Structures are given as C-alpha cells and as structure tokens.
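What follows is one structure encoded as structure tokens, with my remarks underneath.
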Amino acid sequence: MDWNNALILGMESSCDETAIALVRGGRDVLVSKVASQTDIHERFGGVVPEVACRAHMEVLLPMLQTVLEEAEITPDAIDGIAVTNRPGLIGALLIGVSAAKALALAWNKPIVGVNHIEAHIAAAKIAQPELTEPFIALVVSGGHTTVYLCHENGDYERLCNTLDDAAGEAFDKVASVLGLPYPGGPSIQRVAALGNPKAYPWKNSCLTKDGVNFSFSGIKTAVLYAARGQKAGRKGPLLLDEQGVADAAASFQRAAVHALVTRTVDAAKRHGVGWIALGGGVAANAALREGMQQCAETAGLRVAIPPMNLCTDNGVMIAARGWDLFRTGHADELDLATDARALPGDSQKRRG
Ligand code: KG4
Ligand code: ZN
C-alpha cells in the first residue's frame, strides 16, 4: 500500500465535539464536519459526560453519511480509518472507537487509534508544511496546557505543564465568574477587546516561581474576589459594571497569554529550536496568536499556528495524525483500547 496519497477517514468524539473528516495525503481536506455540543452543555456551565455521549450517538452516523455524500465517494475509496482513542471522556471515546471498529470490520479497512494531543500538534503541520522536528509545541485546550519538545524520532518530551487548571478551563471558569456566556474562551476574547488589560495587576500571576510551569488557579480566585468580593463566592452578586467586567477579562487574558508566550518562547530558546507550533482550542485566541507571533519573531523563531477551525477539536487533525501513523507502519487491530488519561508520545512507545 502506498500511503503517500492515501484517503483517511478521521473520527473524533473525545469530548463535546463530534467530528468527521476525509483527508488525502495528510493535508488535502475533502470534507470536514464538526457538530459542537456547546448549546446542549451551556445550561450546565460545563461538559456533562453522559449528556455528551448521548449527543455523539445521535450525530455520528448521520454525519458519516453526509461526509460520504458531500465527498461523492463510496467507502471503497477510503484507505484507512483513524479514530481518537485517547485521552478524553471514556464513554465519549468508546462511542467513536466502537463506530470506527464496526466500519473497519464492515468495509475491511485498516484502523489506527490516534492520541488527541498528538493530533492537535499535527494540525500545525497542515498549516505550515515547512514545520519539521525538532520543534517546541504548546498544546493549550480545555484539558491541557503543556509545552513539548517534539523530537525527530517522534518522541514528545514534556517541558512545562500547568500545576493546576488547564488554560481553557480557566477561561471557562473566569467567564462564568464574570457572568459571561459559556464557552468562556470566545466570550472572554470578545469582552476583553473593550477592556483595559492593565486595569488589574495580574500580569505575572500565571507564571510559577519554578520558572518553568504554569498555574491558573490563583488568578481565578483573584478574578472572583474582584468580581464578587472576598466572602460571597461564585453565587454572590456581580459587583462590576460592564466596563469593570471588560477590564477584568482583558487583565485575565493578558496574564494567561503572557505566561503561555513566555514559557513557550523560553523553551524554544533553551533548546535551540527554530520553530514553535501551537495547538488546541485556546490557540484560537487572537491575543495568544498575535502575542506568540510577535514574541517569537523578536527571538528569531518561526511559528506554525493552525487556522481557527483546526485549533478547536476537528476530524481533520485526527485524519492527519492517523495518516502519519499508517504511513510509518503503526496500524492497530480491532481490539484497539481506549484510554482516558494517555500522554503524547505513547503511540511510539506502545507500538515499539
Ligand atoms: O481543544 P478544544 O476544542 O477541546 C479540548 O480538547 O479541550 O478546546 C476547548 C477550549 C475551551 O476551554 C474553550 O473555552 C477554549 O478552548 N477556547 C478559547 C477560545 N476558543 C476556544 N479560549 C480562548 N480564546 C478563544 N478564542
Ligand atoms: Zn482538543
């Protein structure tokens, strides 16, 4: 099998997006569909796993039908099936993986399990074909805030991590404290554009004293105190007017971006690499994209940032990562397992 031009079906269901894409040769997108469950989870203020699973069940097969129809292909044309099997909500992962296995069996196609974090990094390669290892990758989403050194041999070395909340989780919680709609990331970005980022002295509060890692829980409390006072808690009345909310959002965003950019660029300088790759939902944030670009340029580094629709969860990045695995001989069997807590780099180790 010549995998170079192979057509891969990518399937994603690890959290609150159901996504399917058909991608040729790792970057040529035939069709990409994403069904977000934002509206469903909005009333709960966060993702409810059981509710997410039911929504994946309802959407997955009709979406597959639409993808095949829009691509005007029959299953014969597909060369391999890539599916997110780790990490994520275990029930949600199982729905995608079970469907992918059934299709692989029925259509007699090879299957490969994809690590969701590795797929976020693969999205940067679609955006910037010149991106080559070794490079520094910042994966920043609702569940992860980690800087990796991505080696030529496919190893992902973890350099910096959050000591508590993920950055996306902090955006979501801070938005909720400020009375802004779910999901918090886009809300904060929108409101922050109207605020003064220097209104609160929070700039360095997401940088840990060890000089390496991140922390997003302290600033969350600072925003809570500013927004609702020290005693009232999250249910207390909002003490800020519209401008005050914008100022708090802008000051929070400035601190989060400052920490993410500082740690990532420092890591790139320390390890002497020429490239930085960004991935994950928070990489859709305009201030982070601009901040990273500027700081990296000043340091003589190049940055690969996926377009917005490839930063948040999607099927294209799963197909792209799956293509890479297939072409380097890493297919799986039909007993492919799911793993809620996997780290990147385990595919190489596990498969030898
Ligand atoms: O990668 P993703 O779609 O799902 C996970 O794997 O977690 O990331 C979702 C996270 C959410 O926390 C969301 O608030 C955040 O990405 N996000 C943003 C923006 N768009 C999405 N955060 C900041 N600014 C944005 N524009
Ligand atoms: Zn993700």
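What you see is a predicted model, and the numbers here were worked out from it, not measured in a lab. Atoms within a ligand are numbered from 1 in the order they appear, just like the ligands themselves.
A 6.0 Å sphere centred on CG of Asn108 holds no more than 12 heavy atoms belonging to other residues, nucleotides or ligands. Within 6.0 Å of atom CZ in Arg24, more than 12 heavy atoms from other residues, nucleotides or ligands are found, so the atom counts as buried in its surroundings.
From the protein, the heavy atom lying nearest to atom 24 (N) of ligand 1 is Asn285 ND2, 3.0 Å. Of all protein heavy atoms, the one lying nearest to atom 6 (O) of ligand 1 is His116 NE2, 3.3 Å. Scanning all protein heavy atoms for the shortest distance to atom 13 (C) of ligand 1 gives Asp172 OD1, 3.9 Å. If you check which protein heavy atom lies closest to atom 25 (C) of ligand 1, you get Gly185 C, 3.6 Å.
Atoms of ligand 1 found under 4.0 Å from any heavy atom of Gly142 (numbered from 1 in listed order, with element): 5 (C), 7 (O), 8 (O), 9 (C), 10 (C), 12 (O). Within ligand 1, the atoms closer than 4.0 Å to a non-hydrogen atom of Pro186 are 19 (C), 20 (N), 21 (C), 25 (C), numbered from 1 in the order shown. Heavy-atom proximity to Gly168, at under 4.0 Å, picks out these atoms of ligand 1: 12 (O). Interface of His120 with ligand 1, defined as ligand atoms under 4.0 Å from a residue heavy atom, comprises 1 (O), 6 (O). Atoms of ligand 1 lying under 4.0 Å from any heavy atom of Gln189, numbered from 1 in the order shown and given with element: 24 (N), 25 (C), 26 (N).
Between Phe171 and ligand 1, no pair of N/O atoms sits closer than 3.5 Å. Of the N or O atoms in Gly280, none lie within a sub-3.5 Å distance of an N or O in ligand 1. For ligand 1, none of its N or O atoms has an N or O atom of Thr312 under 3.5 Å away. Looking at ligand 1, you'll find an N or O of Gly281 within less than 3.5 Å of one of its N or O atoms.
Between the side chain of Glu12 and the backbone N or O of Ser14, at least one donor-acceptor pair lies under 3.5 Å. Looking only at distances, a side-chain donor or acceptor of Ser13 sits under 3.5 Å from a matching main-chain atom of Ala92. The backbone N or O of Ala52 sits less than 3.5 Å from a side-chain atom of Gln37, completing a donor-acceptor pair.
Ionic pairing of Asp165 and Lys173 is present here: one or more N-O contacts between side-chain nitrogen and carboxylate oxygen are shorter than 4.0 angstrom. In this structure, Arg54 does not pair ionically with Glu58, as no charged nitrogen and carboxylate oxygen lie closer than 4.0 Å. Comment: Glu70 engages Lys33 in a salt bridge, judged by a side-chain N to carboxylate O separation of less than 4.0 angstrom. Between Glu130 and Arg302 a salt bridge is recorded (basic side-chain N to carboxylate O distance below 4.0 Å).
Neither the backbone nor the side chain of His144 has a heavy atom within less than 4.0 Å of ligand 1. At a 4.0 Å heavy-atom cut-off, ligand 1 touches Asp313 through backbone and side chain alike.
For the pair Arg321 and Trp323, the cation-pi criterion (under 6.0 Å, within 45° of the ring axis) is not fulfilled.
Ligand 1 lies less than 4.0 angstrom from a heavy atom belonging to Gly143. The closest approach between any non-hydrogen atom of Gln253 and ligand 1 is not below 4.0 Å.
Between Tyr148 and Tyr156, the angle of the ring planes goes over 60°, which puts this pair in the perpendicular group of the 30/60° scheme. Below 30°, between 30° and 60°, or above 60°: for Phe216 and Phe214 the angle between ring planes is below 30°, a parallel geometry.
Side-chain contact of Asp313 with His116: a donor-acceptor pair under 3.5 Å is present, judged by distance alone.
Sorted by chain and number, the protein atoms of type N, O or S within less than 2.8 Å of the Zn ion (ligand 2) are His116 NE2, His120 NE2, Asp313 OD1.
Screening Ile78, Val31, Thr74 for a side chain to side chain contact (heavy atoms under 4.5 Å, CB included) involving Leu68 leaves a single residue, Ile78.
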